[in-house]
Student: 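Can you keep this structure in mind? I'll have questions shortly.
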Amino acid sequence: MSGLLNKLSPARRANKSDDLPLFYTDQSMGFQRGHRNTPKVSVTLAELLMSMEYDQNGRSQALDIALASNFFSSVSSYPLTSPSPFVLSFKDLTYSVKIKKMFNPLPCCGSSDGDGMEMNTKMLLNGISGEAKEGEMMAVLGASGSGKSTLIDALADRIAKESLHGSITLNGEVLESSLHKVISAYVMQDDLLFPMLTVEETLMFSAEFRLPRSLSKKKKQARVQALIDQLGLRNAATTVIGDEGHRGVSGGERRRVSIGIDIIHDPIILFLDEPTSGLDSTSAYMVVKVLQRVAKSGSIVIMSIHQPSYRILGLLDKLLFLSRGNTVYTGSPTDLPRFFSEYGHVIPENENKTEFALDLIRELEDSPEGTKTLVEFHKQWRAKETLNQTTRNTNVSLKDAINASISREKLVSACRAGPEILRDRSSRGETNLKSTFQTFANPFWTEILVIAKRSMLNSRRQPELFGIRLGAVLVTGTILATMFWKLDNSPRGIQERLGFFAFAMSTTFYTCAEAIPVFLQERYIFMRETAYNAYRRSSYVLAHTIISLPALVILSATFAATTFFAVGLAGGSEWFLFFFLTILAAFWAGSSFVTFLSGVVSHVMIGFTVVVAILAYFLLFSGFFIARDRIPLYWLWFHYLSLVKYPYEGVLQNEFEDPTKCFVRGIQMFDSSPLGQVPDAVKINLLKSMSGVLGFNVTAETCVTTGVDILKKQGITEMSKWSCLLITVAWGFLFRVMFYFTLLVGSKNKRR
């Protein structure tokens, strides 16, 4: 125990006295002097991690001490009399949107946007003001449509600056977006988690994203284990999250995991949108209890909540009631009865105060005058309360407050330098916050490895997904192999080969349509994680590109091996290798194309419809149904944009490039005409007659059409087969780049 104390920060170690005995309490893992009135020295979670040592079994001694002392169930991990408290203030926040009310058949009459549609302005926030302090929980309450979520979005920098009016400051200084992302976290209303990861794995991946590479893996694991206990998830640590098809953790546990992944890096400000929505009263209380611990550990917690229970109300420090975008009450829960009593509506003694307030607000909203009188009364009441209160100015700058927090090992992911370096910078008077923070906690390649590892682990536990895809390719290949079994070198064999290649190439693209739900299922997880710089968008694109390649190789090899030899295609191993590479390139281009569309289209059914339609157009203009020289000039551009064109032409050249191989001989010339049914003797006589007219001898065995002639007839003369292969691969890379830009533009996650 004394060894642990010796490793504490100098400020805390200074409180230790050699001549006063120390005893430790179960309540807060603190050391306290023998005198009752002497402040205790409280050991924070960060200091436990800093002082962590490991025994021979790799067990953290600091973690053992913390768990044994019930440290993480304490409501505080350091005294609330922090020397550098944070105060988040917002003043006169105003936000409105234009909505289309109704169709106006006379656009010239009345205000409209010129297309006959009436444009009305709806005020979502109207001059909202308030403040939240470090160590406190503020709850935003109101009926549906009152503006709760809009206010949370405004404070969390999820509304475009040009649309939001008013000011938001932290310790009197305006928050820049880049700094806001570093010091805050936002928990969405929906629990967006990977279903096949366990609770511990989910938090560990979050730690690997949010905590810097300089922090050892053992310390990250200790942070995760500490957080599991802090969130009350010990019994569910090894249980998968689950979804509709897989049994997993309960709703309350899912919500606490969602909170945990956003507080893994100890943010200064935590925003939550309806964290108790859909939970029973006990689960909701446990969630808010966890949030209270987060607040008491040195964070500002601001959340929207629909209707808190009596027990939850006892945990809240500040309430802000909204009604149709207006503030109708802001202050402590204990002042709520006095406020409504002075307004003329006394809250009954045994009634839930928030339920009474919300019911009264709803009644006023339904009245002709609305809540106008209540809004005006609140302004007067707040003005009077402000005069009666004594304002205590901490005079702590944002720079000093943030540096002090980092010295306590908060904001672990954001800090470039350690606490000692920060103290040295502070002593030299350096004030540049930007040099203190980094945009991302980890380098580019680390992010790629973690994303790839997480995706592979989640996919490995759902083998049926790849199994179904592999089965579809295997069944399709088997059907094609048996339908086009051992094609011969005849006019009919030519047509059958063309049909096989066209169907085979289009099948590879249609099989890729299953990639649509993959990103759409992860879409909101991705938006949540990248909104606060968990990783780079480019890392996500590259990681998913890399992990998709092994599956594409297996699918391509399966299809090529099933069809090439059974159909009797030309050539040996070299030709088979090119056929395999072309199938792989087609899978690659198709997968990239579908991935790009999934970044553009946000609905699965719409995505499937668009993909199927576009792939049908690609097949139509590929050159199979109509040769290139027969396509109208105004559609020729689409022929060159067709993804099916290039692999189709590549495999045709691979099959028909041998000039010595004959596909149509003299007597076979008549097979595709009405004369095909006449006896061979008649055909031979016709050939003799033709020889006399043509001036050269044409026998029954004379080669009339070679593979090169077939290629010319199909209009395939512009590019070599290797050029077709490279262009197909290039299409795949182009669509991956386009996918990246769709993520860059379409995942800003901000209201306009």
Student: Count the heavy atoms belonging to other residues, nucleotides or ligands that lie under 6.0 Å from CZ of Phe741, then report whether that count exceeds 12.
Tutor: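 Counting other residues, nucleotides and ligands, CZ of Phe741 stays at 12 neighbours or fewer.
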
Student: Side-chain atoms of residues 693-701: list all donor-acceptor pairs with protein atoms under 3.5 Å, sequence neighbours left out, distances to 0.1 Å.
Tutor:
from	atom 1	to	atom 2	distance (Å)
Thr699	OG1	Glu701	N	3.4
Thr699	OG1	Thr702	N	3.3
Thr699	OG1	Thr702	OG1	2.8

Student: With a 6.0 Å cut-off (strictly less than), is the heavy-atom count around NZ of Lys453, excluding the residue itself, greater than 12?
Tutor: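 It does not: Lys453 NZ has 12 such atoms or fewer within range.
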
Student: Can you check whether Thr660 reaches Thr706 side chain to side chain, under 4.5 Å on heavy atoms?
Tutor: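 Counting from C-beta outward, Thr660 and Thr706 never come under 4.5 Å.
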
Student: Tell me which donor-acceptor pairs under 3.5 Å the side chains of residues 595-615 have, and how far apart each pair is, sequence neighbours excluded?
Tutor:
from	atom 1	to	atom 2	distance (Å)
Thr595	OG1	Ser591	O	2.6
Ser598	OG	Thr595	O	2.5
His603	ND1	Met605	N	3.2
Thr609	OG1	Met605	O	2.9

Student: Apply side chain to side chain donor-acceptor pair (under 3.5 Å) to Tyr540 and list each qualifying residue two or more places apart in sequence or on a separate chain.
Tutor: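 Tyr540: side chain to side chain donor-acceptor pair (under 3.5 Å) contacts with Glu522.
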
Student: Any Lys/Arg nitrogen of Arg461 or Glu201 sitting under 4.0 Å from an Asp/Glu carboxylate oxygen of the other?
Tutor: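 Yes, charged N to carboxylate O under 4.0 Å.
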
Student: State whether a side-chain donor-acceptor pair under 3.5 Å links Gln653 with Trp722.
Tutor: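 On atom types as modelled, these side chains do not qualify, holding no pair under 3.5 Å.
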
Student: Between Lys220 and Glu208, is there a side-chain N and carboxylate O pair less than 4.0 Å apart?
Tutor: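 Salt bridge between Lys220 and Glu208, a charged N being under 4.0 Å from a carboxylate O: no.
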
Student: Atom OG in Ser642, atom CH2 in Trp731: separation rounded to 0.5 Å?
Tutor: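 It comes to 9.0 Å.
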
Student: Taking side chain as C-beta onward, heavy atoms only, is Asp243 less than 4.5 Å from His246?
Tutor: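 They are in side-chain contact.
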
Student: Side chains of Asp262 and Arg210: does their closest heavy-atom pair fall under 4.5 Å?
Tutor: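 Yes, at least one pair of side-chain atoms sits under 4.5 Å.
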
Student: Just checking, any donor-acceptor pair under 3.5 angstrom between side chains of Asp153 and Tyr186?
Tutor: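 Tyr186 and Asp153 do have a side-chain donor-acceptor pair below 3.5 Å.
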
Student: Using the test side chain to side chain donor-acceptor pair (under 3.5 Å), find all partners of Arg454 that sit at least two apart in sequence or belong to another chain.
Tutor: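 Checked Arg454 against side chain to side chain donor-acceptor pair (under 3.5 Å); matches are Glu529.
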
Student: The criterion is side chain to side chain donor-acceptor pair (under 3.5 Å); which residues satisfy it with Tyr510, sequence neighbours excluded?
Tutor: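 For Tyr510 there are no side chain to side chain donor-acceptor pair (under 3.5 Å) partners, ignoring immediate neighbours.
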
Student: Could you tell me the separation between the CD1 atom of Ile631 and the NE2 atom of His639, rounded to the nearest 0.5 Å?
Tutor: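 Taking CD1 in Ile631 and NE2 in His639, the distance rounds to 5.0 Å.
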
Student: In chain order, what residues pass the salt bridge (charged side-chain N to carboxylate O under 4.0 Å, His left out) check against Glu655, with sequence neighbours excluded?
Tutor: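 Result, salt bridge (charged side-chain N to carboxylate O under 4.0 Å, His left out) vs Glu655: Arg497.
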
Student: Donor-acceptor check, side chain of Trp575 to backbone of Ala570, threshold 3.5 angstrom: yes or no?
Tutor: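 Judged by distance alone, no pair lies under 3.5 Å.
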
Student: Which of these, Tyr648, Trp485, Phe624, Phe484, sits in a ring pair (Phe, Tyr, Trp, His ring centres under 6.0 Å) with Phe500?
Tutor: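 It is Phe484, the one option of Tyr648, Trp485, Phe624, Phe484 that forms the ring pair (Phe, Tyr, Trp, His ring centres under 6.0 Å) with Phe500.
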
Student: Taking the six-membered ring for Trp, are Phe205 and Phe194 closer than 6.0 Å centroid to centroid?
Tutor: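 Ring centroids of Phe205 and Phe194 are no less than 6.0 Å from each other.
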
Student: Can you run down the disulfide (SG to SG under 2.5 Å) pairs that involve residues 510-541, sequence neighbours left out, and say none if there aren't any?
Tutor: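 Sorted pair list comes back empty.
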
Student: Can you list the residues that meet the ring pair (Phe, Tyr, Trp, His ring centres under 6.0 Å) rule with Phe564, with sequence neighbours excluded?
Tutor: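 For Phe564, the residues satisfying ring pair (Phe, Tyr, Trp, His ring centres under 6.0 Å) (neighbours in sequence not counted) are Phe576, Phe579.
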
Student: For Glu496, give me all partners under salt bridge (charged side-chain N to carboxylate O under 4.0 Å, His left out), at least two apart in sequence or on another chain.
Tutor: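 Applying salt bridge (charged side-chain N to carboxylate O under 4.0 Å, His left out) to Glu496 gives none.
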
Student: Under 4.0 Å between a side-chain nitrogen and a carboxylate oxygen: does that hold for Arg492 and Asp488?
Tutor: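 Result for this pair is no, no salt bridge flagged.
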
Student: What residues, two or more places apart in sequence or in another chain, satisfy salt bridge (charged side-chain N to carboxylate O under 4.0 Å, His left out) together with Arg254?
Tutor: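 Scan of Arg254 (salt bridge (charged side-chain N to carboxylate O under 4.0 Å, His left out), adjacent residues dropped) gives none.
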
Student: Who passes ring pair (Phe, Tyr, Trp, His ring centres under 6.0 Å) against Phe656, sequence neighbours left out?
Tutor: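 By the ring pair (Phe, Tyr, Trp, His ring centres under 6.0 Å) rule, Phe656 matches Phe663.
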
Student: According to ring pair (Phe, Tyr, Trp, His ring centres under 6.0 Å), who are the partners of Tyr740, at least two apart in sequence or on a separate chain?
Tutor: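 Residues passing ring pair (Phe, Tyr, Trp, His ring centres under 6.0 Å) with Tyr740: none at all.
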
Student: Can a donor-acceptor pair be found, under 3.5 Å and without considering hydrogens, that links the side chain of Asn533 to the backbone of Lys181?
Tutor: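 No; judged by distance alone, with no hydrogens or angles, the pair does not exist.
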
Student: Answer with yes or no after comparing the ring centroid distance for Phe618 and Phe593 against a 6.0 Å cut-off, counting only values under it.
Tutor: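 Yes.
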
Student: Give the C-alpha distance, both sets of side-chain angles, the deciding distance and a yes or no for side-chain hydrogen bond (donor to acceptor under 3.5 Å, both in side chains) between Asn458 and Ser455.
Tutor: CA-CA 5 Å; Asn458 192 61; Ser455 296; over 6 Å; no

Student: Check Tyr640 against Lys645 and note the closest heavy-atom contact, atom names and distance.
Tutor: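 Smallest interatomic distance, heavy atoms only, reads CD2-CE, 3.9 Å.
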
Student: Write down the atom of Ser556, the atom of Leu584, and the distance for their closest heavy-atom approach.
Tutor: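 Nearest heavy atoms, Ser556 then Leu584: OG-CA, 3.1 Å.
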
Student: Show the numbers, then the answer: is there a side chain to side chain contact (heavy atoms under 4.5 Å, CB included) between Leu643 and Thr728?
Tutor: CA-CA 7 Å; Leu643 294 183; Thr728 306; over 6 Å; no

Student: Which atom names give the shortest non-hydrogen contact between Leu470 and Leu555, and what distance separates them?
Tutor: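 Distance-wise, the nearest heavy atoms are CA-CD2, 3.7 Å.
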
